[in-house]
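Reminder, nothing fancy here: chain letters follow the sequence lines and each chain counts from 1. No experiment lies behind these values; they were computed from the predicted model shown.
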Amino acid sequence: MSIYEKLNPMQQEAVYTTNGPLLILAGAGSGKTRVLTHRIAYLIDECGVNPWNILAITFTNKAAGEMRERVDDIVGFGSEQIWVSTFHSACVKILRRFADLLGYERNFVIYDTDDQKHVMKEICKRLHIDTKVHKERAILSAISSAKNEMIDAKAYALNAAGDYSKKRIADAYLEYEKTLYKNNAMDFDDLLVKTVEVLRNNEDVLNYYQERFKYIMVDEYQDTNTVQFRLVSLLAGKYRNLCVVGDDDQSIYKFRGANIYNILNFEKEFPDAKVIKLEQNYRSTKNILDAANSVIKNNKGRKAKRLWTENETGDKIVFHQYQNEYDEAYQIVEEIDKTVDQNKAQYHDFAILYRTNAQSRVLEEKFVSKSIPYKVVGGVNFYQRKEIKDILAYLKTIDNGRDNLSVQRIINVPKRGIGAASVSKAVEYAQERDMSLFDALECCEDIPRLGKTAEKIKGFVNMIAVFRAQSEYISLAELLENILEETGYIKELEEEYEEQAEARIENIDELMNKIIAYEQEEEEPTLSGFLENVALVADIDSLDESEDYVMLMTLHSAKGLEFPYVYMCGMEDGLFPSYMTIVSDDPDEIEEERRLCYVGITRAKKKLTMTCARSRMVRGSTQYNRPSRFVSEISPALFDKGRVPEKVKPELHIPKSTVYSKKQTADNIISYGKAFEVRKASALDYTVGDTVKHIKFGTGVVINIVDGGKDYEVTVDFEKSGVKKMFASFAKLKLVD
DNA sequence: TGTCTATGAATTTTT
DNA sequence: TTCATAGACA
């Protein structure tokens, strides 16, 4: 029996359809990775396709690695020749060869969010843009959206005519592009945009890659944006053997420019496209799947599909409402500990998913105190830590003297007496002469009014020059060693008394390990190569399933993973769905949150537990949230009736009717949540979800109550005047029945 | 120039 | 609550 006969009929069809455009709508857990890997194997083994001619694009480096491994298992040989990579790293590969066609040097650097912010800050200063009105982050995100839609700075400026605020952003955009170009740097979006540019403007290059990639597969297609779509269309333009796999219900990156119409309109773009639906789920129990389906069906504008499974019914969904986030964390950790103690599962069978990274802290504390191994995915990326960025800035400066940003970052780190005033003199000088900062520093005796600092700058320039010379003949690890030694970076850390210093040194050691590993893996290790390796990694990439720890991560990071036991915590309106999406007038935002919820639920194989807290500290003040609307979208019959939230304490009165007190079964957990009590609320006779009346704004629904210490800050969505925030004692809101 | 303090902003998600 | 930045002062 061939390996393909083990697939179900739909999967087989997907594998055997090798030519022409193909859209595979693959529901959660429907074995899409299996289909993709088998399809690749089939192309190579049965259709005689050269592995060299296959391009597979995945969402993360981790997914890419896994795919290669799995293909390797079923294909005889040649899997290493397949291009399996993320969009970004594929683009970097192309640009490293052809960036010169756009006037860049091939060793361009990649700017991360942090770098972008630095650049933007300076631009705002230069252009006299008031960053109170236009925040750097907001400008950058406007630029990013523009780039994702392939609107360049000029086009943006044309578009902005008349709109003053937009015009200012356009100015910043133009300047930003100039700066990056001058610095020989690209941001994440550029990698995609510039690749498309190269392909569009150079027929021979396009032709080369079209010939090379005769078969293209794109995973997680629902999260691609417009540039990515363009890129794929260009590459597949000749042979049209384009296979995309995705699930519109799992589209959760709209905020990052993902264009859901890429998948919804695939058939319009490629009229001859074949569409195959994979609807059988192999991952979860019936209960879990039913829960997922009952949540997602509340979304409009999705492709019709219904996931089903032959798996057993399984445990019911458990829902718990706790007093506060500490209680919640304690109970979850306790439960995991117990289950593992009883030998029912191992630590790595558990994942705790949350909406925001900040939620991990309380959980971590509990894990530490019970000494249970755990790992947090995400949060502050390793490569974004100060010490790592400092060291990398040294490496970048050595690698690419045009990168002004890195030079500025390290010129006085560790302190060598070159202050901000001197630096800005040098920057000014360089700008006037249209040269790079480093070049200006090299001839710093020509820079006016520097005084004694010129000597110090000379020292810095010399040191970099020495490193640069060394880098020609010593290994990267040795180079790093020298940098740490010569600059006195480690020494400075050691002299600090803070406990943080120790962690920083550990991180630097970790970086050293990564450099050594890179040099061992790579045939031709180069400094540029290492730097780009580092620029495009996500935290999730370094995940190792063979180790036994509980995993903590955001719902976003959980995409593509699965766990026997899943805890979704912080299931509260205002947290998930987030406050921002609740008050937004774009109903689509709630739908995206709902898809996120769907993703979370479908991560669970065996058992799903949802929890929430009555009160929670958010940014230093206490919030009172009611259970998430998503919880109430799940049919009560799917919940475990034995597990209901603890009784309301007698001293807390239940407002309005007492319907809920009859019997506390799963059937009324949900409505129960609505009636929960605000602890110090004797002063307030309304709560979240109630309709209230304001003397000026009329009637509205309370959507949030925050305990600001002295007073409650109440947020109300008024019918006529929209969302308003007010202090309870001033607002004098009256409860409307 | 460097350090200390006060004030303010932020939190939705990330390649 | 925590981090970052601006301003004051040595």
Side-chain angles (χ1 to χ4, degrees), chain A residues 57-64 85-92 110-114 116-118 121 125 131-132 135-138 141 144 147-148 186-192 220 223-225 227-228 251-258 325 353-362 377-381 383-384 386 412 414-424 451-453 456 500 532 534-541 553-559 570 574-584 589-590 592-593 595-597 599-600 616-623 708-709:
Chain A
I57 296 197
T58 58
F59 203 67
T60 61
N61 295 306
K62 179 167 181 277
S85 68
T86 63
F87 269 107
H88 294 269
S89 54
C91 287
V92 171
I110 300 166
Y111 277 1
D112 66 13
T113 332
D114 214 51
Q116 290 177 289
K117 228 175 133 186
H118 278 280
K121 216 179 140 189
K125 223 183 270 167
T131 50
K132 292 228 168 66
K135 298 213 177 68
E136 293 97 329
R137 263 191 40 230
S141 90
S144 175
K147 284 188 180 179
N148 282 327
M186 299 198 196
D187 63 23
F188 287 132
D189 302 314
D190 282 335
L191 297 177
L192 304 163
E220 307 282 9
D223 287 322
T224 53
N225 60 33
V227 210
Q228 290 167 336
S251 158
I252 54 175
Y253 283 105
K254 192 175 158 235
F255 71 93
R256 212 170 73 190
E325 73 267 38
L353 310 182
Y354 37 77
R355 179 66 235 268
T356 65
N357 277 310
Q359 288 169 258
S360 73
R361 242 190 62 192
V362 183
V377 177
V380 186
N381 190 318
Y383 292 103
Q384 279 168 5
K386 266 194 209 81
N412 200 28
K415 306 219 160 55
R416 41 177 83 90
I418 307 173
S422 305
V423 174
S424 53
K452 272 182 252 158
T453 8
K456 293 170 182 159
Q500 278 188 6
E532 106 191 17
V534 146
L536 296 173
V537 294
D539 203 38
I540 194 107
D541 295 335
M553 66 185 90
T554 62
L555 288 149
H556 281 89
S557 313
K559 192 175 74 160
L575 189 61
F576 185 40
S578 84
Y579 179 73
M580 296 296 275
T581 59
I582 293 177
V583 297
S584 161
E589 294 204 14
I590 285 280
E592 175 135 323
E593 296 276 294
R595 290 194 289 270
L596 192 54
C597 182
V599 168
R616 178 183 299 274
M617 276 281 242
V618 179
R619 297 210 289 280
S621 56
T622 311
Q623 272 194 19

Atom-pair distance (CD on A:Glu220; C1' on B:dT13), nearest Å | 15 Å
Nearest whole angstrom, please: distance from the C1' of B:dA9 to the CD of A:Glu136.
-> 12 Å
Compare the minimum distances between each of B:dT14, B:dA10, B:dT3 and the side chain of A:Thr554, then state the nucleotide with the smallest one.
-> B:dT14
Whole angstrom is fine here: how far is it from OH in A:Tyr579 over to C1' in B:dT13?
-> 18 Å
Heavy-atom nearest nucleotide on DNA chain B taken for A:Leu192 and for A:Ile418; more 5' hit belongs to A:Ile418
So, for A:Gly574 and A:Ile582, which heavy atoms are closest and what is the spacing to 0.1 Å?
-> N-CD1, 3.4 Å
Report yes if the ring of A:Phe255 lies under 5.5 Å from the six-membered base ring of B:dT13 with planes under 30°, and no otherwise.
-> yes
Side-chain contact check for A:Phe188: nearest option of B:dT1, B:dT14, B:dT15 is B:dT15
Quantified in whole Å, what is the C1' atom distance between nucleotide C:dA4 and nucleotide B:dT13?
-> 22 Å
For A:Leu596 and B:dT14, what is the distance between atoms CG and C1' respectively, to the nearest whole Å?
-> 13 Å
Of the nucleotides B:dT13, B:dT3, B:dT1, which one has an atom closest to the side chain of A:Thr356?
-> B:dT13
Looking at every strand, decide which applies to A:Glu593 at a 4.0 Å heavy-atom threshold: base, sugar-phosphate, or nothing.
-> base
Please work out if A:Asn412 contacts a base, only the sugar-phosphate, or nothing of the nucleic acid, heavy-atom cut-off 4.0 Å.
-> sugar-phosphate
Provide, to the nearest angstrom, the distance between the CZ atom belonging to A:Arg619 and the P atom belonging to C:dC3.
-> 15 Å
Using a 4.5 Å cut-off on heavy atoms from C-beta on, say whether the side chain of A:Gln116 contacts that of A:Glu136.
-> no
Rounded to the nearest Å, what distance is computed from the CZ atom of residue A:Arg616 to the P atom of nucleotide B:dT11?
-> 18 Å
How is A:Ser422 classified with respect to the nucleic acid when contacts are heavy atoms under 4.0 Å: base, sugar-phosphate, or nothing?
-> sugar-phosphate
Assign A:Arg361 to base, sugar-phosphate, or nothing according to its heavy-atom contacts below 4.0 angstrom with the strands shown.
-> sugar-phosphate
With no angle test and no hydrogens, is the base of B:dT12 tied to the side chain of A:Arg355 by a donor-acceptor pair under 3.5 Å?
-> yes
Calculate the interatomic distance between A:Arg595 atom CZ and B:dT12 atom C1'; express it in whole Å.
-> 15 Å
Any salt bridge between A:Lys254 and A:Asp223, counting N to O under 4.0 Å?
-> no
Between B:dT15, B:dT14, B:dT1, spot the one nearest the side chain of A:His88, thanks.
-> B:dT15
Side chain of A:Lys121 - closest among C:dA6, B:dT11, B:dT12 | C:dA6
State whether A:Lys254 places a side-chain N or O below 4.0 Å from either non-bridging phosphate oxygen (OP1 or OP2) of B:dT13.
-> no
What about A:Tyr111 and A:His118, are their ring centers closer than 6.0 Å?
-> no
Using the benzene-type ring in the case of Trp, are the ring centres of A:Tyr253 and A:Phe59 under 6.0 Å apart?
-> yes
Write down the distance between CZ (A:Phe59) and P (B:dT13), rounded to a whole number of angstrom.
-> 15 Å
Would you kindly check whether a donor in the side chain of A:Arg256 faces an acceptor in the base of B:dT13, or vice versa, at under 3.5 angstrom?
-> no
Closer to the 5' end of DNA chain B via nearest nucleotide, is it A:Lys415 or A:Lys135?
-> A:Lys415
Any side-chain N or O of A:Asn357 less than 4.0 Å from the OP1 or OP2 oxygen of B:dT12?
-> no
State, without any angle test, whether A:Thr86 and A:Ser89 hold a side-chain donor-acceptor pair at a distance under 3.5 Å.
-> yes
Select base, sugar-phosphate, or nothing to describe what A:Lys386 touches, counting heavy atoms under 4.0 Å on all strands.
-> sugar-phosphate
